[in-house]
Amino acid sequence: MTIRPITRAELPVATVELARYLLGKIIVRELPEGEASGRVVETEAYPPGDAALHAYRGITARNRSLFKQHGHAYVYLCYGVSQMLNVSSEADGIGAGVLFRAIEPLVGVAHMMARRGTTRLLDVARGPGRLTQALGIARPLDGLDLCEAGPIYLATDDTCASEIGISEIGISTRIGITRDADRPLRFFVSGNRHVSGPGKLNR
DNA sequence: TTGGCGATTGGCT
DNA sequence: GCCAATCGCCAAT
């Protein structure tokens, strides 16, 4: 499989559109032990004005990466236990993001399993905290440009198989939030076994 | 300066 | 299905 980095010009400058666009794309991570990558199968949109968005109350030291031009990483610690990976999703100065919730492991599966402490493929990167643990993603990567070659970036394989059809995109409410909890802003590859969340949300 | 609160996970019932 | 673990953030004191 041949893959190439995604340029910023290819990324939609709109949060919800970007969340759908990213399904089927690839997150590449360069680790000390080698490369690891996975195909995005589940995302959530946190658009401007959304009460669940971390940038909702304005810019702070933690969330400033959300205000960067679309295509930059926002990484934060959730519940003191799990790291979350987002990508900024609007023009420079506008706070918004897309959360990566699950990937299907592609390259470096052994590296990811080792970091996760499991040999069960379905447990490797199903869920936002598991995904970041598998790829060694934490706060030091916050603010990086995901459209630039480096320790982590977005890529595509440019094949027909990578194009997710509209009919294959599932939509549901977002998981684990309390504010603006009823908005249909979670997107996933319908039928993919690496998608997280309760089964009733995945139909 | 402080304390309540998460965009979760894994272990146990 | 239930719940504790764990800790940085930030609104309010």
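Lettering follows sequence order; numbering is per chain, from 1.
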(Q) Holding to ring pair (Phe, Tyr, Trp, His ring centres under 6.0 Å), I want the full list of residues that pass it with A:Tyr76, two or more places apart in sequence or in another chain. (A) A:His54, A:Tyr74
Q) Side-chain contact, heavy-atom cut-off 4.5 Å: A:Leu146 with A:His72? A) no
(Q) Restricting to side chain to side chain donor-acceptor pair (under 3.5 Å), what partner residues turn up for A:Thr60, sequence neighbours left out? (A) A:Asn63
Q: Output yes when A:Arg179 and A:Asp50 qualify as a salt bridge under the 4.0 Å nitrogen-oxygen rule, no when they do not.
A: no
Indicate every side-chain donor-acceptor pair of residues 11-24 of chain A with a distance under 3.5 Å to a residue at least two apart or in another chain.
| unit_1 | atom_1 | unit_2 | atom_2 | d |
| --- | --- | --- | --- | --- |
| A:Thr15 | OG1 | A:Ser89 | OG | 2.8 |
| A:Thr15 | OG1 | A:Glu90 | OE2 | 2.7 |

Q: Please identify each residue that fulfils side chain to side chain donor-acceptor pair (under 3.5 Å) with A:Arg126, with sequence neighbours left out.
A: none
Q) Do the side chains of A:Ile175 and A:Arg101 get nearer than 4.5 Å, heavy atoms only? A) yes
Q: Side-chain contact test, heavy atoms from C-beta onward, threshold under 4.5 Å: evaluate it for A:Glu42 versus A:Ser196 and give yes or no.
A: yes
**Q.** Proximity to DNA chain C (any heavy atom under 4.0 Å), residues of residues 177-192 of chain A only
**A.** none
Q. In terms of side-chain geometry, is the basic nitrogen of A:Asp158 or A:Arg4 positioned less than 4.0 Å from the acidic oxygen of its partner?
A. yes
Q | Residues touching DNA chain B, which here means a heavy atom under 4.0 Å, drawn from residues 110-140 of chain A | A | A:Arg116, A:Gly127, A:Pro128, A:Gly129, A:Arg130
Q) Among all residues two or more places apart in sequence or in another chain, which pass the side chain to side chain donor-acceptor pair (under 3.5 Å) test with A:Arg115? A) A:Glu33
**Q.** Sub-4.5 Å side-chain heavy-atom contact between A:Pro151 and A:Arg29
**A.** yes
Q: Answer whether the closest heavy-atom distance between the side chains of A:Tyr46 and A:Leu99 falls below 4.5 Å.
A: yes
Q) Heavy atom of residues 91-104 of chain A under 4.0 Å from DNA chain B: which residues? A) A:Leu99, A:Arg101
(Q) Using side-chain heavy atoms (C-beta onward) and a distance below 4.5 Å, is A:Val87 in contact with A:Phe100? (A) yes
Q | Watson-Crick or G-U stems of DNA chain B, 3 or more pairs, under 3.5 Å, by first number | A | B:1-6 with C:7-12, B:8-12 with C:1-5
**Q.** Terminal contacting nucleotides, 5' and 3', DNA chain B versus chain A (heavy atom, 4.0 Å)
**A.** B:dG6 to B:dG10
(Q) Ignoring hydrogens and geometry beyond distance, is a side-chain donor-acceptor pair present between A:Ser65 and A:Asp142 at under 3.5 Å? (A) yes
Q) For A:Arg139, does the CZ atom sit with more than 12 other heavy atoms under 6.0 Å from it, leaving out its own atoms? A) yes
Q: May I ask you to list the residues of residues 50-76 of chain A, by number, that have any heavy atom positioned under 4.0 Å from an atom of DNA chain B?
A: A:Ala52, A:His54, A:Tyr76
**Q.** Atom-pair distance (CG on A:Asp142; P on C:dC9), nearest Å
**A.** 10 Å
Q) Can you name the side-chain contact (heavy atoms from CB on, under 4.5 Å) partners of A:Val28, sequence neighbours left out? A) A:Ile3, A:Ile26, A:Glu30, A:Glu35, A:Ser37, A:Tyr153, A:Ala155
Q. NE2 of A:His194 to CZ of A:Phe188: how many Å apart, nearest 0.5 Å?
A. 16.0 Å
